[in-house]
Amino acid sequence: MDGFTKIGRAIDMKDRKPLNSVIDGSSVVIVKADNDLFAFENNCPQQHFSLLHQGTIEGCEITCPMHGWTFNMKSGESINGNGRLKNLKVKNSDGWIWVESMKPAQSFSLFD
Ligand code: FES
């Protein structure tokens, strides 16, 4: 699956138990909540700590353990602060979880 990284089997993920993974050298949080999957960069916009994988989850919201900012995992928007999470595309394909690559898109020039 081009542009995606295989994370693991969906059946091994516990509901509302964030998983911390590293994709292309960056920390990424993956969450299974009910029948939805969410993935976002593990970088809280409040003070840029990378502890969202230790956050608490209610519905489709995650609360950062550092200072209590809460984010909607679907939109990435903060509920009680400014800024937003950097959401990544996540797919379940034949029981395997795949998350969008963190690498920036390749740029090229037609005129070298
Ligand atoms: S670093 Fe997340 S709320 Fe402060």
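When a ligand or atom number is given, it counts from 1 through the structure's own listing order. Any value given below was found using the heavy atoms of this structure, including those in side chains, with hydrogens, waters and symmetry copies removed.
- Set against the non-hydrogen atoms of Trp69, the atoms of ligand 1 under 4.0 Å away are 3 (S).
- A donor-acceptor contact shorter than 3.5 Å links the side chain of Asn42 to the backbone of Ser50.
- Counting the atoms of ligand 1 from 1 in the order shown, those under 4.0 Å from a heavy atom of Phe49 are 1 (S).
- Atoms OE1 of Gln46 and ND1 of His67, as seen from atom 4 (Fe) of ligand 1, are separated by an angle of 80°, to the nearest 10°.
- Among the backbone and side-chain atoms of Met66, none of the N, O or S atoms lies under 2.8 Å from atom 4 (Fe) of ligand 1.
- Atoms of ligand 1 lying under 4.0 Å from at least one heavy atom of Cys44, given by number and element, are 1 (S), 2 (Fe), 3 (S).
- Of the possible polar contacts, one joining the Asp15 side chain to the Asp34 backbone as a donor-acceptor pair under 3.5 Å is found.
- Contact of the Leu19 side chain with the Lys14 side chain is not registered, since no non-hydrogen atoms from C-beta on lie closer than 4.5 Å.
- In this structure a side-chain-to-backbone donor-acceptor pair under 3.5 Å is present from Arg16 to Gly59.
- Heavy-atom contacts from other residues, nucleotides or ligands closer than 6.0 Å to CG of Asn80 number more than 12.
- The contact set between ligand 1 and Gln47, taken as ligand atoms under 4.0 Å from a residue heavy atom, comprises 1 (S).
- Set against the non-hydrogen atoms of Cys64, the atoms of ligand 1 under 4.0 Å away are 1 (S), 2 (Fe), 3 (S).
- Checked options Glu41, Glu100, Met102; the residue passing with Val28 is Met102 (criterion: side chain to side chain contact (heavy atoms under 4.5 Å, CB included)).
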